[in-house]
Colleague: 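First the structure, which I've put down as structure tokens, then a few questions once you've had a look.
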2 protein chains.
Amino acid sequence: MSLRHALLGLLSERPASGYDLLKRFETSLANVWPATQSQMYTELSKLSADGLITVSAEGPRGRKEYTLTDEGLTELRHWLTETRPQRNTRSDLLLRVFFLDVLPPEHARGYLAWLADMSQREYEDLRRLEESIDWGDDPLSVNGRIALEYGLRLNAMRREWAEWAADRIG
Amino acid sequence: MSLRHALLGLLSERPASGYDLLKRFETSLANVWPATQSQMYTELSKLSADGLITVSAEGPRGRKEYTLTDEGLTELRHWLTETRPQRNTRSDLLLRVFFLDVLPPEHARGYLAWLADMSQREYEDLRRLEESIDWGDDPLSVNGRIALEYGLRLNAMRREWAEWAADRIG
DNA sequence: GGGGCCATGTAATCGGTTACATGATTGA
DNA sequence: TCAATCATGTAACCGATTACATGGCCCC
């Protein structure tokens with residue numbers, strides 16, 4: 001149920017259309033909360049029906065600009081402060097580790113090596129992203145930078161772990 | 001679609017009933033792939049219908065013991081080697097970070113402090129779990145130990161990151 | 001006898017994914 | 001003019017969650 005809150009959060013910065021939000025997801029939130037186009041338009045309709053956002057303007061091509069209502073902001077704050085995030089650790093990557101012994105050892109090590117490489121590549125992608133962004137003092141910059149740092153540390157950790165694990169299997 | 005493979009994986013070690021698998025999930029795979037009772041029984045029926053497992057014995061109280069078939073083992077190996085895990089990074093925890101600026105700074109820092117504490121507690125829980133288990137040389141021990149190490153490193157990383165982030169906001 | 005555990009199943013609902021469908025506007 | 005982009009929506013399906021429902025067996 002968090003796509004709701006992701007949308008409310010983005011709208012708390014400034015009004016936007018579904019299309020705008022779609023673009024902004026791709027470039028910022030996609031890493032922490034992927035969402036499809038279809039899901040977003042559906043959710044926006046629901047949010048509007050629930051009074052958490054309103055259509056504040058209409059533009060060409062049927063464009064609808066949504067604005068956060070007071071109720072929406074209250075709901076966003078409520079989500080942030082009153083509800084406990086439950087860490088959804090469901091990890092395809094780690095699940096496989098449990099069953100690596102049904103493969104020949106060299107295949108198992110191959111999987112871990114691939115994981116290490118993937119983490120390294122992702123790390124480098126994030127570094128490049130970090131350098132390409134003009135970080136300001138605005139809230140999104142501060143928070144976005146913090147989230148990105150998490151990604152960097154996660155991938156560094158994962159690479160080291162995968163290398164350590166490959167040694168252990170050998 | 002990975003619950004299938006989690007079940008195939010567990011059955012690759014030894015035959016078991018739905019109830020057995022349920023218990024083993026709770027104590028081992030729950031951290032990487034939570035599943036409900038209802039989901040597991042449904043999936044077992046499907047796996048059986050698809051010929052990847054068979055009912056190898058029936059016991060008291062309607063107990064059905066499932067055994068992996070050759071086809072099932074093939075499917076498990078196929079999943080491990082031929083399909084690429086897509087890291088499903090959807091993270092409730094991190095999503096909130098993006099919107100911390102709608103809260104007063106002390107609340108935002110409070111959230112990060114809580115995150116650091118939670119990670120620390122989880123770290124300690126895993127350490128205790130590690131010490132409580134009699135690690136052998138069997139495949140499950142080796143792999144389980146590797147997965148557990150991932151949890152330890154993740155939580156250590158997360159704690160440090162949350163502390164670093166709290167400083168940044170202040 | 002009865003409480004606790006063993007053991008399995010179904011139905012309703014929800015969030016998310018994939019695919020399909022449509023059309024307006026802009027700019028080269 | 002025509003391709004690219006802007007822009008929104010619906011339908012089918014799937015995996016996961018919650019709740020409900022049932023009953024047998026074992027041991028105290």
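These numbers were taken from a predicted model, which means no experiment stands behind them. Convention: sequence-line order gives letters A, B, ...; per-chain numbering from 1.
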Colleague: Using the heavy-atom set of chain B and a strict 4.0 Å cut-off, write down the first and last nucleotide of DNA chain D that makes it in, 5' to 3'.
Modeller: dG15(D) to dC26(D)
Colleague: Can you measure L47(B) atom CG to dT8(C) atom P for me and round it to whole angstrom units?
Modeller: 14 Å
Colleague: Between W79(B) and F99(A), how do the two ring planes meet: parallel, tilted or perpendicular, split at 30° and 60°?
Modeller: tilted
Colleague: Would you kindly give the OH-to-P distance between Y66(B) and dA7(C), to the nearest whole Å?
Modeller: 13 Å
Colleague: Assuming nearest nucleotide by heavy-atom distance, tell me which of L3(A) and Q39(B) is located more 5' along DNA chain C.
Modeller: Q39(B)
Colleague: Look at R127(A) together with E131(A) and state whether they make a salt bridge at an N to O cut-off of under 4.0 Å.
Modeller: no
Colleague: Using the six-membered ring of W114(A), assess whether NZ or CZ of R84(B) lies under 6.0 Å from its centre and within 45 degrees of the ring axis.
Modeller: yes
Colleague: Does a side-chain N-to-carboxylate-O contact under 4.0 Å join K46(B) and D50(B)?
Modeller: no
Colleague: L44(B) has an atom CG; how far is it from atom C1' of dT8(C), in whole Å?
Modeller: 11 Å
Colleague: Within 45 degrees of the ring normal and closer than 6.0 Å to the centroid, is that where the cationic atom of R159(A) sits relative to W164(A)?
Modeller: no
Colleague: When the nearest nucleotide of DNA chain D is assigned to W33(B) and to R63(A) on a heavy-atom basis, which residue is associated with the more 5' position?
Modeller: R63(A)
Colleague: I need the NE2-P distance between H5(A) and dG16(C), as an integer number of Å.
Modeller: 12 Å
Colleague: Heavy atoms under 4.0 Å, any strand shown: does E43(B) hit a base, just sugar-phosphate, or nothing?
Modeller: nothing
Colleague: Summarise how protein sits on nucleotides 22-28 of chain C as a single string, 5' to 3': B when a protein heavy atom is under 4.0 Å from the base, S for sugar-phosphate-only contact, - for no contact.
Modeller: --BBS--
Colleague: Which residue lies toward the 5' end of DNA chain C, K64(B) or S2(A), if each is placed at its nearest nucleotide?
Modeller: K64(B)
Colleague: Are the side chain of W161(A) and the backbone of I146(B) linked by a donor-acceptor contact shorter than 3.5 Å?
Modeller: yes
Colleague: Looking at residues at least two apart in the chain, or sitting in another chain, which of them share a side chain to side chain contact (heavy atoms under 4.5 Å, CB included) with T74(B)?
Modeller: none
Colleague: Run through R128(A), R121(A), Q120(A) and flag the one making a side-chain hydrogen bond (donor to acceptor under 3.5 Å, both in side chains) with E124(A).
Modeller: Q120(A)
Colleague: For DNA chain D, what residues of residues 9-19 of chain A have any heavy atom nearer than 4.0 Å?
Modeller: S17(A), G18(A), Y19(A)
Colleague: Keeping to residues at least two apart or across chains, list the side-chain hydrogen bond (donor to acceptor under 3.5 Å, both in side chains) pairs with something in residues 18-29 of chain A.
Modeller: E13(A)-R24(A), S17(A)-D20(A), D20(A)-R63(A)
Colleague: Provide, to the nearest angstrom, the distance between the CG atom belonging to L7(A) and the P atom belonging to dG16(C).
Modeller: 10 Å
Colleague: By side chain to side chain contact (heavy atoms under 4.5 Å, CB included), which residues pair with S38(B), not counting sequence neighbours?
Modeller: T36(B)
Colleague: Would you say R145(A)'s side chain and W135(A)'s backbone share a donor-acceptor pair under 3.5 angstrom?
Modeller: no
Colleague: Rounded to whole angstroms, how far apart are CG on L22(B) and C1' on dA7(C)?
Modeller: 10 Å
Colleague: Expressed as a whole number of angstroms, how long is the span from Y41(B):OH to dC6(C):P?
Modeller: 11 Å
